[in-house]
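Structure first, commentary second.
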Number of protein chains: 2
Amino acid sequence: MKKESTSQGVKEIARRANVSTATVDRVLHNRTGVSEKTKKRINEIIKELDYQPNLLASRLASKKIISIAAVIPKVSEETNFWEAPLRGVKRAEAEIKQYGVHTQVFFFDLNDKDSFSSTIAEVLRGDFQGVLISPSYIEETKKFAAQCAERKIPFVFLDSDIPDLHSLSYIGPHLFKSGYVGAKLLTYRLDRNKKILIINISKEIDNFNYQKIEEGFRGYFADRGQPMEIVRIDIRETDYQSVARHLTYVFHLNKDIGAAFVTNSRVHTVASFLKNSHRTHVSLIGFDFVTENVSYLENNVIDFLICHRPEEQGYRGIMALYQKLVVNAPVSKLSYMPIDIVTKENYEFYQN
Amino acid sequence: MKKESTSQGVKEIARRANVSTATVDRVLHNRTGVSEKTKKRINEIIKELDYQPNLLASRLASKKIISIAAVIPKVSEETNFWEAPLRGVKRAEAEIKQYGVHTQVFFFDLNDKDSFSSTIAEVLRGDFQGVLISPSYIEETKKFAAQCAERKIPFVFLDSDIPDLHSLSYIGPHLFKSGYVGAKLLTYRLDRNKKILIINISKEIDNFNYQKIEEGFRGYFADRGQPMEIVRIDIRETDYQSVARHLTYVFHLNKDIGAAFVTNSRVHTVASFLKNSHRTHVSLIGFDFVTENVSYLENNVIDFLICHRPEEQGYRGIMALYQKLVVNAPVSKLSYMPIDIVTKENYEFYQN
DNA sequence: TATCTTTACGGGCACGTGCCCGTAAATTCT
DNA sequence: AGAATTTACGGGCACGTGCCCGTAAAGATA
C-alpha cells in the first residue's frame, strides 16, 4: 500500500507549464512578478488538473501562525451554559492546533456591559485574524463589527445573531422556530381554557432574542387559529427572591395558569418557585441543558428543555473561521442549529 | 506572527540525547537496532518533553496509505435511511483523505443474507487496515469478527450492536432507552383505557435490535406501574399490501387501539395504512428521519420520529478507525448517539 | 590473527509547499 | 549608447518525520 508516486501538485503544474514551482506558487497566491501570459497558462493548467493544495505540506511549510479570538461570557454562578460552547471551542482548537492555528478565549461578564466593551477593545488591540463572538450587547457589537470591517477581520456570531453586520457567519438557533416548538410542546396536553404564562427573566440584554422567541411562540397559536389567553411578564432581576416575588403576584392575579414558558435558560429559577409554592401541576418549558435545569427535568418540574447544541456551536464557530482563514473555503452565512427536545427520558444521552 | 523557531520534535530529542534523529525514530516506532541504554535515555527525554509527533509531517513523509472499508446496506426503494450514514462516511473521508487515508464503501442488500456474506468475503480479500460495518446478520458477523481478530484488523459496529465480539467500538443508539422514550411520547396524551399496538415489520433480520427496543418500551410502563394493554404484531413481509392486510386484521380484533409504535423506520408504511383507512386519530411513533416518514410527519399522521443522527454515526465510525489507525489514540468502546425527538415543528432543522 | 556477521548508529533524501534570494532580460532614464 | 531600474522568473532551503543505505565497532568464527 504505497501512495502513487506520480509527481503531484505544484511540481506537476510547473513541469507542464515549463516554469519553476516558485512561479506557480506566485500565481497560486496571486502575488506579483508573473507576466499575464504565463499567469494565464498556469491558471489553465491549475483548472485542468483541478489542483487542490496539500494542506499538510502547506501548513507544515508555512511559518505563519493564525490567531483566532473567541469572546464568550464567563461561567457565572447563575448559569454554566457557556461551559458547553467553551468545550466546543477547545475541541476545535485541539483539532486545528497542528495546522498552526492558535485560539485564545476571552471571557466577559454577561451582566456587565463595560466588561463586554473592554474585552472587545482588548481583542482589537491583539493581532487576531478572526474572531468568534457572542454579541451580547447590540450597540457595542455594532462598533466592533465596524472596526473588524475596517481591518478586514472576519467574525462569527455565536448563539445570538445581529443581522446586517456582515458577519462571516451566524451559528446558533433559529429563534422564531424555537419558540414555535416550545408552544407545540407546551400545549400538547394543555386544557384549552387554561392560561399560558410567558416569562422573560433578564437584565435587558439581548432583547432581540427574546422577542423573536416570543413571536415564534405566539405564531404557533396564530397558525392554528387557537386564541389562547397568554399572560406575559418581564422580570429584570435574576435572583430567586425577585423572581419569586413577581411570580407570586402574577399567579395571584391569574388563578388559572396551566403552563409557563420561560424564554431562556433561567427556567430553573421558575422551577424552583413552582416547586416551593406547590404548583408543579403547571407545565413548564424553557431553554438550555444546564445543570440546574436538568435536575428539575429529573424531578418532573420542568417538562421539556429546548436546546441548541451549544458545544457544537462553539466547535463550528471556530471551524468556520478555520475554513475561511486556512482552507480559504466558502462558509455558509447562516448555520442554524437543530432544535433539540430534551426530556427526563432522553437527557442522559443528550450531546450538547 | 511567526512560529517559535525553537528546534522542535525529533530533532530536539536527538540533540539532547546526543544521537541522530534516525535513532530517535527507531525508538519512537520501537524498531530494532537500538541498545537498551540509549533507548532508555531517549524514552526519558521523550517523556520529559511530552513529545507529540507532528501529524502533518508524519503523514506527509509517510508513503503508507491506510485503507478503511465501510460495509453498509445499499439504499433501497424501501428506505433511504442508509444515505445518511453514507454521507457521514464521505464527510469523514474528505476530511482525512489528506492524511493518506483511503476509504472504500461496500454495499449489500439488506434483504439478502448472501449478499452480506459475499460482501464480507470481498472485504476480507482486500487489504484493509480497518472496517466499519453494519452487522445486519448475526452469525455472519460473528465469523467476520473472528477473521478480523485473527488478522488484527479493528472493526467498528454501526447502528446496531452485537456485544462480546470485541469490536473496537459500537456507534449507534441505546436501543432500550429509545424504546423507553417512545413509550413516554406515545402516552403523553393517550387515554388510559385505550390499547397500544407494537408493530414490528421486518424479514427476521436484527431481531436483537427490535427486542431491546420493545423491552425499553414496556419498561417505561413497568417503571410507572401503569399496566397498559399492549398488543403486538410481527409482520414478516415489508410491502404495503402485506402490512395493510395484517393491520386490518389487528384493528378488526382490537377496536380500541389508541396508539401505535413501530420499532423501525418502516413506520411510513403504517402511516400510509392509517391514512388510507381513516384512522389518523391513532397516535403514531416510529424511527428514523427518512423522506417518507418526514412527509407523514408533515401531514400529522406520524406524531414523532425518534432519530439517532445516522450521518453523525457514519462520520464517527470512520473517525474512530482513523483515531485508532493514524493517531493511535484510544477509542471509546461504546458511543451512544443522542435520542432525538423530531416533530412537525422542528424537523426542518434536524441534522442527521 | 584474519575474515565474516551482527549490532548500533549516522547521513541524507523525500514528502509538497512557502518563501527568500539571486539574476538574466526587458524597460526606462540620462 | 550606457547606466539604472524594474520585471519575470529560477534555485534552493526549510518545515518535521519516515526510512533507506552505508558503515564503524563489537562480536563470532575459522
Side-chain angles (χ1 to χ4, degrees), chain A residues 1-43 46 49 51-66 97-101 325-328, chain B residues 1-43 46 49 51-66 97-101 325-328:
Chain A
M1 285 281 113
K2 300 268 174 172
K3 284 181 190 171
E4 329 88 73
S5 59
T6 56
S7 173
Q8 279 202 351
V10 176
K11 255 187 224 166
E12 174 65 12
I13 298 173
R15 198 182 58 78
R16 295 201 190 197
N18 230 358
V19 294
S20 75
T21 60
T23 302
V24 176
D25 189 71
R26 277 183 270 262
V27 172
L28 282 171
H29 298 84
N30 50 294
R31 277 183 243 125
T32 59
V34 186
S35 70
E36 280 305 317
K37 254 188 293 180
T38 41
K39 190 171 180 176
K40 198 184 162 197
R41 186 156 39 107
I42 290 174
N43 270 324
I46 288 175
L49 293 182
Y51 169 71
Q52 301 288 108
N54 184 324
L55 259 190
L56 264 76
S58 169
R59 286 272 86 208
L60 181 63
S62 171
K63 289 190 191 330
K64 273 202 207 97
I65 277 205
I66 288 175
K97 195 172 53 184
Q98 49 185 333
Y99 291 101
V101 181
L325 297 168
V326 179
V327 187
N328 199 16
Chain B
M1 283 280 115
K2 301 268 174 171
K3 284 182 191 171
E4 328 87 75
S5 58
T6 57
S7 173
Q8 278 202 351
V10 175
K11 255 187 224 165
E12 175 64 13
I13 299 172
R15 198 184 57 79
R16 296 204 190 195
N18 229 359
V19 293
S20 76
T21 60
T23 303
V24 176
D25 189 72
R26 277 183 269 263
V27 172
L28 282 171
H29 298 84
N30 49 296
R31 278 185 242 124
T32 58
V34 188
S35 70
E36 279 306 317
K37 254 188 293 180
T38 40
K39 190 171 180 174
K40 198 183 163 197
R41 187 157 38 108
I42 290 174
N43 270 324
I46 288 175
L49 293 182
Y51 168 71
Q52 301 289 107
N54 184 324
L55 258 189
L56 266 75
S58 169
R59 287 271 87 207
L60 181 63
S62 170
K63 288 190 190 330
K64 273 202 208 99
I65 277 204
I66 289 176
K97 194 172 53 183
Q98 47 186 335
Y99 291 101
V101 181
L325 296 168
V326 178
V327 188
N328 200 16

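Residue numbers start from 1 in every chain, and the chains themselves are labelled A, B, ... in the order their sequence lines are given, proteins ahead of strands.
Axis angle across the helix from C:dT1-D:dA30 to C:dT30-D:dA1, with five pairs used at each end and values rounded to 10°: 50°.
For B:K39, the side-chain contact (heavy atoms from CB on, under 4.5 Å) partners are B:V27, B:V34, B:E36, B:N43, not counting sequence neighbours. With sequence neighbours excluded, no residue satisfies side-chain hydrogen bond (donor to acceptor under 3.5 Å, both in side chains) with A:T21. Applying the side-chain hydrogen bond (donor to acceptor under 3.5 Å, both in side chains) criterion to A:T38, with sequence neighbours excluded, gives A:S35. Evaluation of the side-chain contact (heavy atoms from CB on, under 4.5 Å) rule for A:A22 yields A:S20, A:R26 as partners, not counting sequence neighbours. Partners of B:A57 according to the side-chain contact (heavy atoms from CB on, under 4.5 Å) rule, which considers only residues two or more places apart in sequence or in another chain, are A:L60, B:N54.
Relative to the side chain of A:L60, the nucleotides C:dC19, D:dG18, D:dC15 differ in distance, and D:dC15 lies closest. Distances were taken from every side-chain heavy atom of A:A57 (C-beta onward) to each of C:dG16, C:dC19, D:dC19; the shortest belongs to C:dG16. Of the candidate nucleotides C:dG16, C:dC19, D:dT17, C:dC19 has the atom lying nearest to any side-chain atom of A:K64.
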**Request:** Run the numbers on B:K11 and B:V24 for side-chain contact (heavy atoms from CB on, under 4.5 Å), then give the verdict.
**Result:** CA-CA 8 Å; B:K11 255 187 224 165; B:V24 176; over 6 Å; no
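When the P atom of D:dG16 is taken as reference, atom CG of B:L55 falls 14 Å away, rounded to whole Å. One can place CZ of A:R59 at 15 Å from P of D:dC15, the figure rounded to the nearest angstrom. Rounded to whole angstrom, the span from the CD1 atom of B:I46 across to the P atom of D:dT17 amounts to 11 Å. The separation between B:I65 atom CD1 and C:dC15 atom P is 14 Å, rounded to whole Å. D:dC20 atom P lies 8 Å from atom CZ of B:R31, rounded to whole Å. Distance CG (B:L56) to P (C:dG16): 14 Å, rounded to an integer number of Å. Atom-to-atom, CG of B:D25 to P of D:dG16 comes out at 15 Å; the value is rounded to the nearest Å. If you measure from atom OH of A:Y99 to atom P of D:dG16, you get 16 Å, rounded to the nearest angstrom.
Checking the phosphate oxygens (OP1, OP2) of C:dG16, no side-chain nitrogen or oxygen of A:S58 falls inside 4.0 Å. For A:H29, no side-chain nitrogen or oxygen approaches OP1 or OP2 of C:dC19 to under 4.0 Å.
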**Message:** For nucleotides 6-13 of chain C, give me one character per nucleotide, 5' to 3': B if any protein heavy atom sits under 4.0 Å from the base, S if the only such contacts are to the sugar-phosphate, - if neither.
**Reply:** --BBBBB-
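Taken from CZ in B:R59 to CD1 in B:I66, the straight-line distance is 4.5 Å, to the nearest 0.5 Å. How far CZ of A:R16 is from CD1 of A:I13: 9.0 Å, rounded to the nearest 0.5 Å. Distance check: B:R31 CZ to B:T23 OG1 gives 11.0 Å after rounding to the nearest 0.5 Å.
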